[in-house]
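Working notes, beginning with the structure itself.
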2 protein chains.
Amino acid sequence: MTTRSVPARKRTNDPEGLRQRLVEAAHVAFQLKGYHGAGIHELKHAAGTTGGALAHHFPTKKALGLAVLRDRVAAAVERAWIAPVRAAPTAAAGIAAAFAGIIAELKRAGEVTGCPLNNLAIELARHDAAFRTEIEAVFLRWRRAIAEKLRQDLEAGLIAGLQPDAFATFVVASYSGAMTMAKVSQSTVPLELCAAELAKILEDARRPAGPPADTAGRGSPQRRPRR
Amino acid sequence: MTTRSVPARKRTNDPEGLRQRLVEAAHVAFQLKGYHGAGIHELKHAAGTTGGALAHHFPTKKALGLAVLRDRVAAAVERAWIAPVRAAPTAAAGIAAAFAGIIAELKRAGEVTGCPLNNLAIELARHDAAFRTEIEAVFLRWRRAIAEKLRQDLEAGLIAGLQPDAFATFVVASYSGAMTMAKVSQSTVPLELCAAELAKILEDARRPAGPPADTAGRGSPQRRPRR
DNA sequence: GGTAAAACAGGACGATCATCCTGTTTGACA
DNA sequence: TGTCAAACAGGATGATCGTCCTGTTTTACC
């Protein structure tokens with residue numbers, strides 16, 4: 001226990017806290033202005049720190065960008081998509097919940113800054129191999145979570161006639177593209193339209209009542225096999 | 001007619017040609033490295049010109065960017081999507097043709113640089129109002145072409161149970177998002193999966209034989225009204 | 001052929017970019 | 001309490017950013 005009666009502290013060393021502030025500031029700035037559009041000076045000013053601290057925690061801008069991807073963007077996808085899908089009773093409910101949550105948040109914010117993963121993906125996928133790998137991993141986890149839920153629904157006999165992996169990719173693609181248009185039009189309408197379309201498709205894939213499917217049994221689904 | 005027997009020409013004034021070279025170089029560079037990622041020096045070097053010429057044709061980088069959007073990006077969307085959709089017998093065929101053409105071109109190129117409209121949209125939509133307006137206009141024309149074709153199919157009784165405008169937005173969103181994933185994974189697979197999903201959905205919306213629909217007639221479509 | 005504007009060349013310009021360097025403060029441990 | 005590495009401050013650094021300025025060449029028109 002050091003003498004804590006020192007009159008006034010000039011500085012408080014808080015490496016983890018400052019690191020978080022830097023990553024958060026970068027996350028926000030990248031989301032608003034893009035990776036190349038946001039300058040280092042702006043980032044350290046927003047985080048309330050200086051060049052020395054930034055260099056200590058992140059030697060290069062690339063290191064900071066990777067931290068944003070790993071810590072914030074991956075977490076955002078987890079929070080907005082993976083968790084709702086996993087928690088929902090069905091894939092259809094989970095997808096609807098994810099869309100609804102994001103739309104509600106956008107309306108509350110009053111502006112559309114776009115999907116953080118897509119924003120960085122388009123700007124950095126071809127720019128650097130490390131970024132590309134990291135981004136691809138997040139996309140993969142995202143698709144996997146949806147596909148897994150779809151597989152559960154299929155095995156439970158709740159839906160029929162679709163391939164989990166292909167449809168999961170389709171869902172992510174529809175959402176991503178809708179968010180891009182939402183960003184351009186600064187409106188949630190594209191997201192609402194796409195959510196409705198996906199809901200219709202999943203409704204059509206639903207089985208009538210749903211007696212647990214005889215998984216290995218006869219190959220004839222009860223309703224409209226989608227070829 | 002001037003004396004054309006001058007020994008050697010040092011320069012050939014070709015304002016329109018140089019302008020095209022500048023716009024083309026910028027289009028390529030923006031596609032590969034993004035708007036902010038591509039520098040002015042790089043652009044004028046690629047176009048084989050100097051600062052004076054660039055300043056003469058485009059006073060600012062923004063002016064050059066807008067020219068790229070109007071001249072090249074809009075044309076790319078027109079060529080890859082609007083024209084195939086208009087030329088096709090049905091919307092389903094047009095959408096399939098657009099996907100197929102783009103996938104074939106990507107395989108020929110051996111790399112995926114992404115949709116030029118999406119690339120610029122995500123980077124510039126929130127950066128500048130002029131860019132946003134221009135990008136939104138291209139998206140609108142794109143969606144309108146698909147919606148128009150869907151409306152024709154509906155009126156011809158070829159399909160039923162979907163809203164043209166909403167579904168057109170859905171198609172553009174699916175493609176855009178799929179292209180983003182294709183860029184990240186450097187693979188055409190996401191595009192192929194999404195094309196197949198859209199084909200399935202449009203197949204399900206197809207009417208059996210297709211006697212020209214009694215447009216204003218009874219409100220009960222022959223097969224599975226999608227609510 | 002003379003003239004003026006358009007079409008270019010080529011470099012200067014200040015600002016900002018990301019990174020690095022030196023020096024000071026803090027905190028853990030002996 | 002003394003020591004030392006980690007954690008920061010703050011500015012220097014060269015490179016590159018986009019823009020602008022001066023001067024020369026070409027072209028259209030009289």
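For clarity, every value in this text was computed on a predicted model and none was experimentally measured. Letters go in sequence order (proteins before strands), and every chain restarts at 1.
Distance, A:N13 CG to D:dA7 C1': 4 Å, rounded to whole Å. D:dT26 atom P lies 14 Å from atom CG of B:D14, rounded to whole Å. With rounding to whole Å, B:I40 atom CD1 is found 11 Å from D:dC20 atom P. Residue A:L64 contributes atom CG, which lies 15 Å from atom P of C:dC20 at whole-angstrom precision. Rounded to whole Å, atom C1' of D:dA7 lies 6 Å from atom NE2 of A:H57. Computed from coordinates, the B:K61 NZ to C:dA15 C1' distance equals 15 Å when rounded to whole Å. Rounded to a whole Å, the NE2 atom of B:H45 is 18 Å from the C1' atom of D:dG18. Rounded to whole angstrom, the span from the NE2 atom of B:H41 across to the P atom of C:dA12 amounts to 15 Å.
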Are there any protein N/O atoms within less than 3.5 Å of an N/O atom in nucleotides 9-13 of chain D, and if so, which ones and at what distance?
| residue | atom | partner | partner atom | Å |
| --- | --- | --- | --- | --- |
| D:dA9 | OP2 | A:T49 | OG1 | 2.7 |
| D:dA9 | OP2 | A:T50 | N | 3.2 |
| D:dA9 | OP2 | A:T50 | OG1 | 2.8 |
| D:dA9 | O5' | A:T50 | OG1 | 3.3 |
| D:dG10 | O6 | A:G52 | N | 3.1 |

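At distances below 3.5 Å, not a single donor-acceptor pair connects side-chain atoms of A:E123 with backbone N or O atoms of B:G34.
Remark on the helix from C:dG1-D:dC30 to C:dA30-D:dT1: inter-end axis angle 10°, axes from five-pair C1' superpositions, rounded to 10°.
A:V85 meets the side chain to side chain contact (heavy atoms under 4.5 Å, CB included) test with A:W81, A:I146, A:K149; sequence neighbours excluded.
The phosphate of C:dA7 (OP1 or OP2) has a side-chain N or O of B:H56 nearer than 4.0 angstrom. At the phosphate of D:dG18, neither OP1 nor OP2 sits under 4.0 Å from any side-chain N or O atom of B:H36.
Within 4.0 Å (heavy atoms only), B:A38 reaches sugar-phosphate atoms of the nucleic acid but no base atom.
Closest approach to the B:T12 side chain among D:dT27, C:dA18, D:dA7 is made by D:dT27 (side chain taken as heavy atoms from C-beta onward). Listed nucleotides D:dT27, D:dT19, C:dT19 differ in distance to A:T60; the shortest reach to its side chain belongs to C:dT19.
Judged by a 6.0 Å distance limit and a 45° cone about the ring axis, B:K200 is not positioned over the six-membered ring of A:F167.
Heavy atoms only, all atoms of each residue included: A:A166 and B:E197 are closest at CB-OE2, 3.6 Å. Across all their heavy atoms, A:M179 and A:L106 have their closest contact at CE-CD1, 4.0 Å.
The residues A:R143 and A:D165 are annotated as not salt-bridged, no charged nitrogen and carboxylate oxygen being separated by less than 4.0 angstrom.
Side-chain contact check for B:R21 versus B:E24: every heavy-atom pair is 4.5 Å or farther apart.
Aromatic pair B:F170/A:F170: centroids less than 6.0 angstrom apart.
Summarising the local packing, CD of A:Q163 is surrounded by 12 or fewer heavy atoms from other residues, nucleotides or ligands at distances under 6.0 Å.
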